Amino acid sequence: MIMKTTIKYIWMVVIAISSFSSCVDDLNTLPLDNNQLIGEDVYQSADGYRGVLAKCYASLILTGQQGGDGGDGDVSSIDEGYSGYTRCLFYLQEASTDEICFHAGSSHGTLSMLYMNWDASTKVISYPYYRLYMAISYCNEFLRECTEDKLQSRGVYEDLKNDYVNYRAEARFLRAYCYSMICDLYGSAPYADETMEVGTIPAQKTRKEIYDYVISETESLISDLVVVGNKEYGRIDQAAAWFLLTRVYLNAQVWVGEDHYADAYRYAKMIIDSKKYPLASDYRNIFLADNSDCSEIIWGLEQDADYTQGSAGTNFLIKALVNGSMNNYFLTGVGTRGWGNARVKTQLVDKFAASDQLFDANDPWGDNKMDKRAQFFTIDHTKNTWKEGKDFQKDFANGYACIKWRNVTKDRKELVDGGTVYSSVDYPAFRTADAYLMAAEAILRGGGGTRSEALSYVNEVRNRAYLSGNYGTSSVSGAISDSDLTLDFILDERARELYTENVRRTDLIRFGKYTKGYNWDWKGSDGKAGNYVGKDVDDKYMLFPIPQDEFTTNPNLTQNSDYTN
Amino acid sequence: MPANFAFTEFDYKTVESSIITKVNLILVFMKKLLRSILLTLSLFSMLSSYAQNFTVKGRVIDEKKEAAIGANIIVVGTSIGTITDYNGNFSISVPKKNSILRISYIGYQVVEVSASSPQLASGIILKEDAQLLSDVVVIGYGKVKKSDSTGSIQSIKPDELNKGSQISAQDALVGKVAGVNVVSASGAPGSGATIRIRMGSSLSASNDPLIVIDGVPVDNSSINGSSNIIGSINPSDIESFTVLKDASSTAIYGSRASNGVIIITTKKGTSGSTKPSVNYNSNFTVSKANDYVGVLSADEYREMYTNKSAAPDGFELGTASTDWQKEIYRTAFGHEHNASITGAIKKMPYRASVGYTNQDGIIKTNSYSRFSAGLGLSPKFFNKHLSVDLNIKASKENNDKVSSSVVGDAISFDPTRPIHETYPNNVGLGYFMWMSGGVPIAIAPNNPVAELELSNNKNEVTRSIGNMALDYKVHGLEDLRFNMNLGYDVLKSTYDQNVPQYAPSMYISNQKDGTGLAYNSKQNKRNYLFDLYADYSKEFAKKHTLNAMAGYGWQHFWKKYNDETNDTEKNQLISPSHSESEYYLLSYYGRVNYAYAQKYLLTVTFRADASSRFSKENRWGYFPSAALAWRINNEDFLANVKSLSDLKLRLSYGKTGQQDITSDYPYLSTYTASYNEARYKFGDTWYTTYRPDGYDPNIKWETTSTYNVGLDWGFLNNRISGSMDFYKRNTKDLLNEIFVPAGSNFTNAINTNIGTMENKGFEFAINGIPLKTKDFEWSISANFTWNSSKITKLNTIDTDDNYVKTGNAGGTGKYLQVHKVGETPYTFFLLKQAYDDTGKPLDGQYVAADGSITTSEEDANKYVTGKSSMAPYFYGLSTRLNYKNWDLGINGHGSINNYVYNYVAASDSYDALYSSQGTSSNILHSTVKSGFTQQRLYTDYFLENASFFRIDNITLGYTFHKLWRTGSNIRLSFAVQNVYTFTGYSGIDPEIYNGIDNNVYQRPRVFMLGLNLNF
């Protein structure tokens, strides 16, 4: 009996001891799901590297790793749909201007954009901020891992030796682009690059320092980019760097008080003269589902109904701007899935001839309009974004809808019957018409070139819009004469050409018309009845404040002047 | 008739016509039953009183020869009885000379003597109930005599008689334990509950207590599709709950003990009897909605719409008159059956049980059922040196769920619209839906009746929990024993959602084109446990009692999840999603208990825990504790104070930890591969993208230090007893989700160790038997808790303006609360409503910080209200009255100064009358009162003090003893659950744990008829 028990006792001790030793190793767990990997698994193949670079690009158009509306967003504390770059930028660059008015989303601060009375706690201001820094962090990580040494040690150098220099330059370009937007939106802001370890608290750079960094970084990476015209679909080449430099130099006077119009002109002309990105033959084709082969798009952020799903990107531009029932009048390409909460303000509509403003149910594409860019839906809608005698109404029928984004093909067909759930319209981040207009503007601002050259650039864009001149046989020419060509005309022309393309606020500021001197529906208002006529606002609104949440965690920061946090 | 007063209070006023007949029937039946029972009883007693012949006299004393005052004497087999007088003397008439007298006295063993025994004259000596004195409570890795425990521990046995309707195990804890707040999530049967012991010590990490079932700590991560972590446990299998509150008692569970521990012990076989004893109980319930949200009737709506809506000409209201709330609610029925058999086969005690619960929800199509089975065997071997304790429990829960959105949809759906409507091409499947120009509107309210009747949401949870404990007393050294516990908890949960093609909801969700939905998800969990400890107990020189325990534990937690989203033709709509992860916990622990002369008690515990969730450097956490107790009543100077039966002062200090955060690999740098829907194309190739994930390489344990002072006391043989505790708790390295500096990590918010929090509280519990006579016993228990919780550090930088937003009211980032330094967690952060001279709120106007009136709803104009959803005071009351074979129990609980934001009212406005999407919606009477033209989601106008007292249940029962032999009895009972709630809150129900009233599934009122049979 005793014997038996002793054996049992020994057995127990054996179990115990054996489990003690094996169990300490148990603590070194690694992820089990095949979608969660450690770095060494990712970087063991060339596709892994490409996958991380692809994420750097994708982070400016997609919202997370799962696609669709739900799941695994990149920017964890923001409602995923709102965290998409082009969407959150839209609230800042469009909803605060003479172009767009939102009838919904007030819990995010879209009403503050309408009234121009935001502060550091306004949520929507933090969305592009965190999104841009997220993209910067991804680029930094790629640059840390994509070095010759690491490629060699991981045995993937041979596979990547022809590409990795380009890849690095592209990651640096994307990062420089993000900093240029931070410079534009927030001015002075924190700075982080690949030399800093994860977890390092970034120090703040002045707006001038960020501007200088963007210029020097972009100029120095051009030579490592793919030669203009030789890019793969989805990536960029040197023209994108030229475009970025054009835009930043053009704004240098406002951003840092430096006159760089000559540089802006020089880079814009390089794009035009390269002839690799000629204007699309028809303005309307730039915003359609098969625009992936649109010649004019220098940098397109990809959208595909099946492979890049999300509530941001062009899916947002289509659905937020149209209601489901509009699909009865024209093909939205998304069936009746529209949300319809964004409307255009009267100032934008009035930039077009009165005869071009209304929607004609018999001509849903506006073929009979002079200016093919006047794409509004007006049936059952008031032009006014207000109701007489009423406070601001969240009424989707107040204001025309913008219908320039359509998820249909050039031959005016849906991708599938009834439209797809998500959009296949690539987002044109940089396109040639903008380069033409920037070149003309730089010339008028004294950057070199001649007025006739500037006029030819503007008329190139206008003829294309009217399908006149080289672009068609329209009986009405879009061309203007030299006497019409003024800076103010360029500002209006930019609205006509680029509305809803996320440049409006920057343009208005550059022309000195954002806070004062030009007012639009509800600007500076309290939303009360009758107060829809715009008023001047404080000049501090030319910059957005650094989001308040940053001040709970980064001790190195100072808020933009005149904002408290 | 006493039977009636319990339910005349609520009467039929609130009971609607459909149920009146049913309740009436039950009442009439009960009345008849009771009347006949009473009649029979009185007949019996009359008969017996006619037969009485002999009078006997006697005296009852205790072992110290003191008189037992008020002892009960009953003539067995009759209803004749009396009690002793001041000198312990009694006189009673007996029918036969050798009738048996049963003498009972609280705290003493029951004695039966013959009426002719000579003891009667010399004094019947009662023995102290040793069982009572040595009452043991279960603690971590062992048991301790209640009198020897040094920690703040409360053990409760679920009151079998006075329980009302309990579907889930945690229902038995509601209002029963000081410092423990249990708030059920909703009125859906089988839904989970929030359990908080001492308010919880964490912010972002879990605040759920550790639940240990028969020695197996269960994983408290959420179960796919189910909100109820212990829903699989059949309440009628539970022997006791032991709640460990202070660090001295919880620290033995180390890293998971910061929020307290609840040890659930299930019923076991008894070694005594070989004859099997059988219990069968069942009940039948009728449930009914308590109240409806006050909305306009169809006619009121038409008038309001005409006057106030902004609808364009041409938009027509419907001609129907539909009360949507009445359409979704129903009178629901349920029944429950439990059977168990207990006994011993060849000295091996066993207990086997089966249970079946089937309860319909008060919202149509909602129903819950659970089948459970349990087997417990406790054989002993080697001359009782080796005890084996084997427990296996298995269960299957079936939950036909309903989308909680139907509650809100029924409130707001336009009452002028019909339920049914026909559209071409089968669109809507015969139900009304919102159309514009013949096309379904994508952003529109969902017809709640169609949702209930067409959408099929099914959750099935199959689970088995079991353990085998081997306890071996070493031969020749019996003071030493080894205990090995092997345990498992295996679970599979599936959730299926099926919505047919063309259902109205399929145009406002999913593909938004009528495509049907067949969603299926599956979760598997497998958790294993190995524990081994040695325990040594010894008494030295009669005065020193020593107990030492040391052990080792290993636990593995694994879970896997995957889902599929298809249309009804099995075409994939989006890629299946999946996840799989695991973690391990490794522990060494030990405890020493030392007692000197039964007066001075010392407990020291220590635990070292390693979690695979942290890096090698931070993996180990050390959690010590110490406690002292002084049994003052055993001191000589109190020896003569007879009325004092217990007085114990307890002091303790200890550290506990927390590691329960969502991620199993928070310290690791990982990459997430994209699903097919989130790829990016280079050239012709769609690439899977890899995203670096945010991580904190330095993440580690959150630690909580707790000081506790407690006093246990009892008077008059513990006829009145109770305890009080004061505690103070500091949590540091709070696991908290905070923003990270932009550009420093791959996320903008991370779980990291930051912040400190201070909790303190006072708990008071009292149990007493104010009245006890021959036929009558009245017992009462009450507990009261005061808690205070304050954040003392929160962010890297704390300034006056810094806070972390929380309390999302749903949808997109509508935060109503903040965590802020110096404030209670979950403090409401709102706009200060401006009022006109008459006290009417000014629509959309608020008082800014500088006192001016503003219309801006930005955070800058909000203020920290100082009011939190966390209740600072809560209390529970229960009482029971026994009269002969009758029993009446009442339970209630309440809280004081908990705040609730009436989001149901806040999200409503005149604006809702018409949406420019082309839909109309109903509004609330409260909106007519406020006159708000737009949603005012952040105004303190809707913040209400939600103090309440709820009468949880009233139960009336009658027991028939000795049905066909001794020990066989049957009890019939009638109970009402959720009887009445006293509150000033304007919404349906003030008891909402997170303080945001957002269309919750209301708790029904339940009428229950029960039967309990033992033989």
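Just so it is clear: chains get the letters A, B, ... in the order the sequence lines come, proteins before strands, and each one is counted from 1. Just so you know, these numbers come straight off a predicted model, no measurement behind them.
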Please state whether the side chain, the backbone, both or neither of [X] comes within less than 4.5 Å of a heavy atom of chain A.
| X | value |
| --- | --- |
| B/Tyr815 | side chain |
| B/Arg691 | both |
| B/Lys560 | neither |
| B/Ser436 | both |
| B/Asn562 | neither |
| B/Thr747 | both |
| B/Leu937 | neither |
| B/Ser575 | neither |
| B/Ile441 | neither |
| B/Pro440 | backbone |
| B/Glu857 | neither |

So which residue, [options], ends up with the most heavy-atom pairs under 4.5 Å with chain A?
| options | result |
| --- | --- |
| B/Arg619, B/Gln935, B/Gln934, B/Arg613 | B/Arg619 |
| B/Leu794, B/Ile750, B/Asn745, B/Leu668 | B/Asn745 |
| B/Gly743, B/Ala442, B/Gly438, B/Pro697 | B/Gly743 |

Checking [X] against chain B: side chain, backbone, both or neither under 4.5 Å from a heavy atom?
| X | answer |
| --- | --- |
| A/Glu40 | neither |
| A/Ile61 | side chain |
| A/Asp47 | both |
| A/Asp193 | neither |
| A/Leu53 | both |
| A/Leu62 | side chain |
| A/Val75 | both |
| A/Asp306 | backbone |
| A/Met196 | neither |
| A/Val42 | side chain |
| A/Thr200 | backbone |
| A/Lys528 | side chain |

Nearest atoms (heavy-atom pairs only) where B/Lys512 meets A/Arg337: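 Scanning both residues completely, I find the closest heavy atoms to be CB-CG, 3.4 Å.
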Are a donor atom and an acceptor atom from the side chains of A/Glu550 and A/Tyr129 found within less than 3.5 Å of each other?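 Yes.
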Without hydrogens or angle criteria, can the side chains of B/Ser577 and B/Asp563 be said to hold a donor-acceptor pair below 3.5 Å?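 The criterion, which ignores hydrogens and geometry beyond distance, is satisfied for B/Asp563 and B/Ser577.
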For B/Phe315, all residues meeting ring-ring contact (aromatic ring centres under 6.0 Å, His included), sequence neighbours excluded: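 If we apply the ring-ring contact (aromatic ring centres under 6.0 Å, His included) test to B/Phe315, skipping adjacent residues, the hits are B/Tyr914.
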According to ring-ring contact (aromatic ring centres under 6.0 Å, His included), who are the partners of A/Tyr43, at least two apart in sequence or on a separate chain?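 Per chain and number, A/Tyr43 pairs via ring-ring contact (aromatic ring centres under 6.0 Å, His included) with A/Tyr49, B/Tyr671.
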Mind telling me whether [Y] and [X] have parallel, tilted or perpendicular rings, with 30° and 60° as the class edges?
| X | Y | result |
| --- | --- | --- |
| B/Phe682 | B/Tyr687 | tilted |
| A/Tyr133 | A/Tyr179 | perpendicular |
| B/Phe746 | A/Tyr138 | parallel |

How about A/Phe392 and A/His103: are their ring centroids closer than 6.0 Å?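 Yes, the ring centres sit under 6.0 Å apart.
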Step through it carefully: locate the ring centre of B/Tyr472, locate the ring centre of B/Phe482, and say whether they are under 6.0 Å apart.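 Not under 6.0 Å, so no.
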Among [options], residue most engaged with chain B (heavy-atom pairs, under 4.5 Å):
| options | answer |
| --- | --- |
| A/Asn34, A/Thr63, A/Asp395, A/Asn323 | A/Asp395 |
| A/Ser59, A/Gly199, A/Ala397, A/Gly419 | A/Gly199 |
| A/Leu37, A/Thr552, A/Val421 | A/Thr552 |
| A/Glu232, A/Glu302, A/Gln309, A/Lys394 | A/Glu302 |
| A/Trp339, A/Trp118, A/Tyr57, A/Tyr130 | A/Tyr130 |

Taking atom CG of A/Asp380 as the centre, does the number of heavy atoms from other residues, nucleotides or ligands within less than 6.0 Å exceed 12?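 No, not enclosed.
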Could you state the interatomic distance from [atom1] ([X]) to [atom2] ([Y]), rounded to the nearest 0.5 Å?
| X | Y | atom1 | atom2 | answer |
| --- | --- | --- | --- | --- |
| B/Tyr552 | B/Phe530 | OH | CZ | 7.0 Å |
| A/Thr122 | A/Leu111 | OG1 | CG | 10.5 Å |
| B/Lys814 | B/Ser907 | NZ | OG | 8.0 Å |
| A/Asp72 | B/Tyr675 | CG | OH | 7.5 Å |
| B/Asp664 | B/Tyr583 | CG | OH | 7.0 Å |

Do A/Lys55 and A/Asp74 meet the salt-bridge criterion of a basic N to acidic O distance under 4.0 Å?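 Salt bridge present between A/Asp74 and A/Lys55.
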Charged N to carboxylate O under 4.0 angstrom, A/Asp304 versus B/Lys681?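 Not counted as a salt bridge, because no side-chain N and carboxylate O are separated by less than 4.0 Å.
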